[in-house]
A.B. asks: 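Have a look at this one before I ask anything.
Per chain, numbering begins at 1; letters A, B, ... match sequence-line order.
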Number of protein chains: 2
Amino acid sequence: MLLTKETYSSQVARIIRQMIRDGELQQGAPVKEAVLAARLSISRAPIREALQELTYEGLVTSEPQKGKRVRQLSDDDILNSYDVGAILEAAGVVDSLGDWSEGDMLRLRAVVDDMHNAAQTATDLSSMMNLDDLFHATLLQRCNNSRLVEMARLSCITISKVLCYKKWLTIFSPEGFAKRHQSIAEVVCAKNIRKVETMLRQHYREIGERVVAR
Amino acid sequence: MLLTKETYSSQVARIIRQMIRDGELQQGAPVKEAVLAARLSISRAPIREALQELTYEGLVTSEPQKGKRVRQLSDDDILNSYDVGAILEAAGVVDSLGDWSEGDMLRLRAVVDDMHNAAQTATDLSSMMNLDDLFHATLLQRCNNSRLVEMARLSCITISKVLCYKKWLTIFSPEGFAKRHQSIAEVVCAKNIRKVETMLRQHYREIGERVVAR
DNA sequence: TAATTGTTGGATGTCGACATTATGCAAAAT
DNA sequence: ATTTTGCATAATGTCGACATCCAACAATTA
């Protein structure tokens, strides 16, 4: 057993992310260090580090000497984030598609199958979100540009699935969601480069627009 | 006159960036908080915040409880960074090229002219680097995705022009550098979308390879 | 009354000190 | 001789307190 002696800062960052995701800290609301410190019974130092981390992730905005707030995403912010995510993911897939083996394609199709199953059993919707993460990670399974993978994740996954968590859960029907990803998987497995690019861009654009519409 | 009461942290971040760029802090070298604190005659707190900022910029690596070091870029890191920068910049230009006015094109050509002039007078090479920054910023002058612009900058400008500063100054002859950018400008002004994309990707790839070759 | 000027409370930025952890070396054991 | 054990040192992580700054309200003036 590997017991983790994690630093306070990173634990706090995770806790605050959860608080934002669950609506305990609402968008635009001020985030006061002393309040969090008291609540977690620790000093302000690790809180500040965690908030700085979240600031660089884009979940929190910071004005020196004035304070930090949970980021309030404008419609353009949301669309822009999804666009950047789409651009990077599409490029990553297209550039690495030549290296895909049969096994790689099977793996992608398996994720789609899981989505269909989840759409049937469908106890909670968050499992669908996990499958979505897995799907997009699988799309980049052969991408050897780790920086691209990281930035794609940072760009849309982090922001949209923390700040827009509740909206996210309602933008598609489970079946529709599975079908959309199946279409993408088919085009990818057919190695139709041109179509992969346009489909992914459109896929993200549509998600962005639906999130904005709420 | 607007006098700026800047926080220590951000000033320190800028100072450390300079130290890295100028080789005072070498790649892979440990960065000790106490040393910097003593040198700047301030406490460790602002130093820590600055180092965290640089960590998120990718200039510094951090291992909890072990310390921070100036990032040592592998060849792949460099190539990956430039690839991501190229992907984003190309997409940003292509998506916004329809909005370009005559004035926008004149502005881009003016930068190229300045490059040619600088190649003649050529007192110091760092002015060429500033023109390079300006050129690529001008390419994205009509891109309304601020997030894309920011991430493109973060991806390659920051890393390459801080960590690879000295190599960067020697990878092209001033004339060759100006000519390359002129070619790009011409294709952009012709609004040849397909070619813009391939040229930019190739441009960055070539820079990356030359930097690696040193 | 409206605008300007103290003033007060609260939050952030910074500090110095302590607690904890990692690394290297020396001593002891097999 | 090699490995293990146990310090000693130095660096980071965390703490509590102070200094500084911002925002809102009260007091003053025109």
A.B. asks: If you restrict it to nitrogen or oxygen atoms, what contacts under 3.5 Å exist between nucleotides 12-16 of chain D and the protein, and what is each distance?
C.D. replies:
residue	atom	partner	partner atom	Å
D:dT12	OP1	B:V31	O	3.4
D:dT12	OP2	B:E33	N	3.4
D:dG13	OP1	B:Q65	N	3.3
D:dG13	OP2	B:R48	NH1	2.5
D:dG13	OP2	B:R48	NH2	3.0
D:dG13	O3'	A:T7	OG1	3.3
D:dG13	N7	B:R44	NH2	2.9
D:dG13	O6	B:R44	NH1	3.0
D:dT14	OP1	A:T7	OG1	3.2
D:dT14	OP1	A:Y8	N	2.6
D:dT14	OP2	A:T7	OG1	3.2
D:dT14	OP2	A:S9	OG	3.3
D:dC15	OP2	A:S43	N	2.8
D:dC15	OP2	A:S43	OG	2.8
D:dC15	O5'	A:S43	OG	3.4

A.B. asks: Side chains of B:S101 and B:D104: any donor to acceptor distance under 3.5 Å?
C.D. replies: yes
A.B. asks: Return yes if some donor-acceptor pair links the side-chain N/O of B:R71 with the main-chain N/O of B:G58 below 3.5 Å, else return no.
C.D. replies: yes
A.B. asks: Which residue in the set B:I87, B:N80, B:L88 passes side-chain contact (heavy atoms from CB on, under 4.5 Å) when paired with A:L148?
C.D. replies: B:I87
A.B. asks: So B:K167 and B:R210, do their side chains get closer than 4.5 Å, heavy atoms only?
C.D. replies: no
A.B. asks: If only side-chain N and O atoms count, and only distance matters, is there a donor-acceptor pair under 3.5 Å linking B:D77 with B:S74?
C.D. replies: yes
